[in-house]
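Being a predicted model, the structure only gives us computed values, none of them experimental.
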Amino acid sequence: MTRVRPPRAADSRRPVLGFLARCLGYWAVALLVLGRVPQVETAGIAVTVVTVARLFGLMGRHIVRQGNSLFVDGRGVSVVGDCSPHVAFLIYAAVVLAFPSNWRQRGLGLLFGAVVIMIFNTARIALLIQTLIWRPDWFEFAHVYLWQTGTVFVLFATFALWLRWVGPARPAVRARA
């Protein structure tokens, strides 16, 4: 007969610490890529400008594009790197990639997240332009506080929805010698 010992507290923290370490590792790689490949940010800005302009076009609103700036009814915003969805997506991707799931689930999670984050970001920019038109004094608050908090919420909610689909992580089975 072999005596079985209860798991130590350090053993129960190991999966969480491993997940956090993988998240930080993926995020570090993402930051490295962003710093070394400026085309990622340029593409994120370009996609944002195009999608917001198309949304206004679908709504029958006249929008003027000048480089990375968008003008509606004489009011305009300039889309910069922080306004595009690429950074939010990379944060989301780091968490999805770090979570213990199979690669098919991760791939579908990344696709799901990309779509949700892109739709959210397009709506965010469009509503910020509308805020600038209707209530210019509210623009700074909406831009800095409301929508940044909203972005964090959307990332969290998107990850939580993906987790519901993936289901609970199964603990790794370790062989005893």
query = Side-chain contact, heavy-atom cut-off 4.5 Å: His86 with Val47?
reply = no
task = Please tell me if the side chains of Ser69 and Val77 come closer than 4.5 Å, counting only heavy atoms from C-beta onward.
result = no
Work out which heavy atom in [X] is nearest to a heavy atom in [Y]; give both atom names and the distance.
X	Y	result
Tyr92	Gly113	CE2-CA, 3.4 Å
Pro85	Met118	CG-SD, 3.5 Å
Val79	Ile45	O-CG2, 3.6 Å
Ala53	Arg65	CB-CD, 3.6 Å
Val49	Gly67	CG1-O, 4.1 Å

task = Under the side chain to side chain contact (heavy atoms under 4.5 Å, CB included) rule, what do Phe112 and Val116 come out as? Steps first, then yes or no, please.
result = CA-CA 6 Å; Phe112 172 65; Val116 169; 3.7 Å; yes
Verify same cluster id: [X], [Y] (apolar side-chain graph, 4.5 Å):
X	Y	answer
Ile119	Leu110	no
Leu127	Leu58	no
Met59	Ile125	yes
Val154	Leu111	no

request  = Apply the test side chain to side chain contact (heavy atoms under 4.5 Å, CB included) to residues Val40 and Val33: give CA-CA distance (whole Å), side-chain angles for both, the deciding distance (0.1 Å), then the verdict.
outcome  = CA-CA 8 Å; Val40 173; Val33 169; 4.2 Å; yes
key: Within the 6.0 Å centroid threshold, strictly below: Phe141 and Trp147   = no
Without swapping roles, check the side chain of [X] against the backbone of [Y] for a donor-acceptor pair under 3.5 Å.
X	Y	result
Asn121	Cys83	yes
Trp162	Gln105	yes
Arg22	Phe99	no

key: Plane angle bin for His143 and Phe139 - parallel if under 30°, tilted between 30 and 60°, otherwise perpendicular   = parallel
Between [atom1] of [X] and [atom2] of [Y], what distance do you get to the nearest 0.5 Å?
X	Y	atom1	atom2	value
Leu70	Ile129	CG	CD1	5.0 Å
Ile91	Cys23	CD1	SG	11.0 Å
Leu132	Arg75	CG	CZ	5.5 Å
Thr158	Phe89	OG1	CZ	11.0 Å

inquiry  = side chain to side chain contact (heavy atoms under 4.5 Å, CB included) for Thr151 and Gln148? Distances and angles first, verdict last.
reply    = CA-CA 5 Å; Thr151 300; Gln148 286 185 11; 5.5 Å; no
task = Please indicate whether Phe71 has more than 12 foreign heavy atoms, meaning atoms of other residues, nucleotides or ligands, lying under 6.0 Å from its CZ.
result = yes
Crowding at CH2, Trp134 (>12 non-hydrogen neighbours, <6.0 Å) = no
task = Would you sort out whether Leu146 and Trp138 count as a side chain to side chain contact (heavy atoms under 4.5 Å, CB included), showing the intermediate values?
result = CA-CA 10 Å; Leu146 180 64; Trp138 291 7; over 6 Å; no
message = Looking only at the side chains, is there a donor atom on one of Gln130 and Arg61 sitting less than 3.5 Å from an acceptor on the other?
response = yes
